[in-house]
Structure formats: C-alpha cells, structure tokens
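Report on the following structure.
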Amino acid sequence: MTVKVCKFGGTSMADGNVIKNVKKIIDADKQRRFIIVSAPGKRYSGDVKVTDLLLKCHNEAISHGDVKTAFSAVRARFVSLVKELNIKFDINSVLDETEALIESEQSEDFTASRGEYLSARITSAVLGAKFIDAKDVIFFDKNGALDGEKSYKAIAEALKGVECAVFPGFYGCGIDGKVKTFSRGGSDISGAIVARAVNASLYENWTDVSGFLACDPRIVDSPKRIKTISYKELRELSYMGANVLHADSIFPVRSANIPIQIKNTFRPEDEGTSILPILRYKPSGSVVTGVAGKKNFSVIFIEKSLMNSEIGFMGKVLDVVAKEGISVEHIPSGIDTMSLVIESERLGGEKLEKVLNGIKQAVKPDTLRVIENIALIATVGHGMSSSVGTSARLFGAIASADINVKVIDQGSSEINIIVGVSNDDYEKCIKAIYKEFFN
Ligand code: ADP
Ligand code: ASP
Ligand code: MG
C-alpha cells in the first residue's frame with residue numbers, strides 16, 4: 001500500500017485548535033500514516049516559539065538561575081494546548097518530569113528537543129497513533145552527521161505492523177547515546193528521513209503558506225506561487241534563506257526520488273508546491289524560478305599582482321580560514337583578486353583579526369580589505385542557463401533601483417546568480433528582481 005509521510009511545522013502545532021486541523025488532515029486520507037511534528041510555534045506575530053522558551057530554560061539551568069520561572073511559560077503553553085484539545089492526557093506529570101530533567105541534564109540539545117517531544121506525545125494521543133521517540137530511531141555518526149543507513153533500518157523495524165505513528169522532529173541520538181538536535185528548522189529533515197525509511201510515495205510538508213513562493217512573502221506582497229520546483233533549485237533557494245523547508249531535508253528523499261509537497265495546514269485544499277527530481281520536473285516556462293537571500297555577510301577582499309601565476313595561492317588563503325574552523329560561503333575571483341564571502345557571525349570575537357593576520361603572513365597581499373554588512377541574494381532557475389540576456393536583465397533591474405552591487409558570483413551550476421549588496425538595500429533589491437522577472 002502506498003504511504004504518505006506528513007510533517008507538521010511549528011505554526012501547525014501552535015495551539016489546540018490548529019492541532020484539530022491536523023487531525024482532520026490525517027483523517028481525510030488513509031495513506032497519511034506516519035507523522036512528524038515540530039514544537040509549537042508562534043500563535044500570532046510577536047509570540048515566542050516553544051523552542052526559544054526552552055533555550056531560555058537551558059540558560060537558566062547552566063547559570064544556576066531560575067529554571068522554574070523560565071519553564072512556567074513552556075508549561076502554560078502545553079497546559080492550555082491540552083485543555084483546548086479536550087483529551088485525556090496527564091500533561092502536568094510529563095511537564096514535571098521534563099522540568100526536572102532540564103535541570104539535571106544541563107544539555108542544550110536535550111532541552112531544545114523537549115518541545116518536539118511533548119508535541120509528539122500529545123499528537124499521538126489526539127490521533128490514537130503510536131508514539132516513537134526519535135532518540136531510538138534516528139542516529140548521528142561520529143562526525144555529527146546523520147547515519148542514514150542505521151536510521152532507516154531502525155525506523156523500518158520500529159514501524160513493523162504499526163498502522164499509524166507520530167515522531168518528534170528535530171532530534172535524534174548522538175554517538176554518545178544522548179539527545180542531539182539538527183540545526184534550527186530541522187524537523188523538516190526528520191520528516192525526510194522517515195519518508196525515506198518507509199519508501200513513501202510522497203513527503204507532505206505542512207506549513208503556514210500555500211507553497212513555496214517566488215520570494216519571501218514578508219518582503220513582497222503575495223508573491224507568485226511556484227507550482228513545481230526541482231530538488232536542485234529548492235536546495236539553492238532554501239540554503240540562501242527561503243526557510244520554508246530546511247536546505248538539508250532533500251538529501252534523504254532525493255536518492256530515492258520521493259517527491260515533496262508543500263501544503264498549507266490552514267488551507268488544505270490549496271495545491272501547494274511539488275518538489276521533484278529533475279527527470280519528472282516540468283519547467284514552468286519562466287526564466288527565474290525564485291529569489292532568496294540572507295543578510296550579514298563579510299567580504300574579505302584580497303588583491304595581489306600576478307596572483308594567477310602564483311601556484312597554490314588560493315589554497316594557502318583557504319588553509320588560513322580552515323584552521324580557524326570557519327566555513328566560506330563563496331569565493332568570487334578575478335585574475336589578480338579573490339574574495340572570501342563569510343557569514344559575519346563566524347568572524348566574531350578575535351577570529352577576523354586572526355584570519356587577516358594569517359592571510360597577510362601566508363600570501364603577502366598588496367591589498368587586504370574587509371567589507372561588512374553585506375546581504376547575499378540568489379536568483380535561481382533552470383531556465384536561466386538557456387535564456388540569453390538573463391544577467392543583463394538582472395543587473396539592469398538592480399541598477400534601475402539605484403543599488404550598488406558589491407559582489408557577484410555566478411554559481412558554476414548555471415542555475416544561480418548571486419549578488420552581494422549592502423544590508424540596507426536587501427529588501428529593495430529583492431523587490432527589484434522580483435518585479436523584473438515576475439510582474
Ligand atoms: P514551519 O514552522 O511550518 O516549519 P517555517 O516558519 O519554517 O514553517 O517556514 C514557513 C515560513 O517561511 C512562511 O511563513 C514564510 O514567512 C517564510 N518564507 C520565507 N521565504 C519563503 C518563500 N520563498 N516561500 C514561502 N514562504 C517563505
Ligand atoms: N522547533 C525547532 C525550531 O524552532 C525545529 C523545527 O521547528 O523544525 O527550530
Ligand atoms: Mg520550518
């Protein structure tokens with residue numbers, strides 16, 4: 001029988017009334033048997049996600065502060081949620097146990113994961129489905145990466161003879177046997193892992209928008225919905241900030257060709273967006289599929305005459321940053337110039353100073369400069385490589401908006417052009433690109 005795996009995000013779990021929608025969605029289709037849930041998210045703008053409330057509890061725990069008061073906000077969320085659902089579930093005992101463990105374990109990952117744990121326990125009671133703890137079936141390896149094979153096997157084993165099950169998203173079990181989380185937004189990855197383990201016909205990702213939009217709806221009013229998108233385009237856009245779906249969530253499903261469908265919990269009848277392997281993907285006909293971006297990058301600009309003839313120049317520079325444990329986002333380069341584009345956060349403390357000194361020593365540049373407060377914006381689409389004049393249109397639109405481009409990087413994948421502009425121009429630039437290609 002074909003099986004669908006459904007992941008419900010934070011807003012879909014935000015309160016008891018929304019969780020009633022979740023039940024309706026599950027009940028409407030017998031193939032929806034395996035469910036992954038996030039911690040309750042924001043109920044209204046300005047509200048705080050349960051995961052963030054829990055991180056505050058952790059800070060209290062490690063500083064021997066007031067865990068009880070910090071935890072009372074978490075407690076209030078779950079108590080009212082259970083009340084709204086009108087189910088028999090002894091939430092207070094589970095919360096007491098959780099609070100005690102937060103205090104005794106003093107583990108950030110464990111504490112952060114409890115939102116998903118509690119959400120899944122409650123959802124399994126609502127649906128009458130089996131609760132399966134992600135800690136028992138999702139495993140990380142010694143490098144902290146997902147141990148796919150071990151996880152898929154354990155999940156398949158745990159689901160033998162099970163009609164319907166609920167898993168908490170966002171975490172699994174580290175090599176030390178303790179709870180370990182993915183990065184923020186990681187429940188999307190958990191959903192993809194379960195989809196792969198059961199060889200699902202579809203991975204439905206239920207959120208609060210009716211699909212993947214051509215750009216961030218918080219910047220452009222009601223952007224166009226993307227009907228179908230390839231794994232590759234999605235990866236580029238989500239990595240660059242379109243956080244509808246975690247950028248790493250495509251890996252488990254991609255190799256098994258399992259399509260993902262983005263759906264809206266609040267408007268289940270809306271079609272949403274299909275994310276498909278390139279073979280099954282039908283181009284929309286538009287040159288650009290979507291635009292996404294992120295703020296707060298630093299650019300380290302290096303210039304040296306005859307750089308191109310100095311063998312190993314780039315390698316020496318990259319060695320310096322690697323030694324500091326810093327990952328580099330992009331390396332635009334010319335004949336005598338190269339730049340390192342790095343998330344500013346990674347250069348905090350003394351790191352920037354150390355990197356600059358290291359570069360000076362290693363390659364003795366003529367010029368070494370740092371440009372801060374840079375936003376990167378990616379314009380992505382398979383249509384771009386085959387259509388003449390796309391970059392002219394892109395840069396024309398940016399220039400018309402009176403925006404100065406500070407960095408350019410055309411990804412070698414040819415489906416992506418990245419520009420760096422000042423943080424202050426970020427929104428304006430996205431609007432200009434959107435207008436050029438979509439209006
Ligand atoms: P969930 O809690 O369901 O995982 P997220 O908050 O992680 O949901 O992702 C959905 C949000 O992503 C939307 O509410 C929207 O504000 C934001 N978003 C950013 N870029 C896009 C985009 N290109 N298309 C759709 N939503 C986007
Ligand atoms: N609750 C976690 C977060 O807020 C994970 C998730 O929602 O996917 O990041
Ligand atoms: Mg999310």
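When a ligand or atom number is given, it counts from 1 through the structure's own listing order. In this chain, residues are counted from 1 in sequence order. As the structure is a prediction and not an experimental result, all values here were calculated from the model.
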Return yes or no for this condition: an N or O of [X] is under 3.5 Å from an N or O of ligand 1.
X    : value
G10  : yes
D188 : no
L213 : yes
N243 : yes

[atom]: nearest protein contact (heavy atom, Å):
atom                    : answer
atom 15 (C) of ligand 1 : P217 CG, 3.9 Å
atom 22 (C) of ligand 1 : V244 CG2, 3.6 Å
atom 3 (O) of ligand 1  : T207 OG1, 2.7 Å
atom 16 (O) of ligand 1 : R218 NE, 3.5 Å
atom 6 (C) of ligand 2  : S187 OG, 3.4 Å
atom 4 (O) of ligand 2  : R184 NH2, 2.9 Å

Is K7 close enough to touch ligand 1? Criterion: a residue heavy atom under 4.0 Å from a ligand atom. yes
Looking at ligand 1, would C215 count as a contact under a 4.0 Å heavy-atom criterion? yes
Looking at F167, F131, F110, which hits ring-ring contact (aromatic ring centres under 6.0 Å, His included) with Y117? F131
Result of checking I87, I19, V18 against L81 for side chain to side chain contact (heavy atoms under 4.5 Å, CB included):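 Answer to the side chain to side chain contact (heavy atoms under 4.5 Å, CB included) test with L81 among I87, I19, V18: I19.
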Check ion pair [X]-[Y] (N to O, under 4.0 angstrom):
X    : Y    : value
R235 : D248 : yes
D216 : K294 : no
R184 : D52  : yes
E204 : K7   : no
R75  : E99  : yes
K295 : E343 : no

Lys NZ or Arg CZ of R114 over Y171 ring: under 6.0 Å, within 45°: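 Yes.
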Establish, yes or no, whether the cationic atom of K150 lies under 6.0 Å from the six-membered ring centre of F139 and within 45° of the ring axis.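 Geometry flag: set, cation within 6.0 Å and 45°.
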Protein heavy atom under 4.0 angstrom of atom 6 (O) of ligand 1, is there one? no
With a cut-off of 4.0 Å, which atoms of ligand 2 are near a heavy atom of S38?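 With S38 as reference, the close atoms of ligand 2 come out as 6 (C), 7 (O), 8 (O).
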G186 heavy atoms within 4.0 Å reach ligand 2 at atoms 5 (C), 8 (O)
Please state whether G185 comes within less than 4.0 angstrom of ligand 2, counting heavy atoms only.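 Within the 4.0 Å threshold, so yes.
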Side chain, backbone, both or neither: V209 near ligand 1, heavy atoms under 4.0 Å: side chain
When you look at CG of N439, are more than 12 heavy atoms from neighbouring residues, nucleotides or ligands closer to it than 6.0 Å?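 Result for CG/N439: enclosed.
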Per-atom contacts of ligand 1 with D208, taking only distances under 4.0 Å to non-hydrogen atoms: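 In order of number, 10 (C), 11 (C), 13 (C), 14 (O).
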Counting from 1, what ligand 1 atoms have a heavy atom of G211 closer than 4.0 Å? 25 (C)
Does the N or O separation between D188 and ligand 2 drop below 3.5 Å for any pair?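 N/O-N/O distance below 3.5 Å does not exist for this pair.
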What I want to check is whether the side chains of S298 and R346 have a donor and an acceptor closer together than 3.5 Å. no
Donor on one side chain, acceptor on other, S113 and T181, under 3.5 Å: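 No donor-acceptor contact under 3.5 Å links the two side chains.
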Considering only heavy atoms, does E116 approach ligand 2 within less than 4.0 Å through its side chain, its backbone, both, or neither?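 Under 4.0 Å from ligand 2, E116 contributes side-chain atoms alone.
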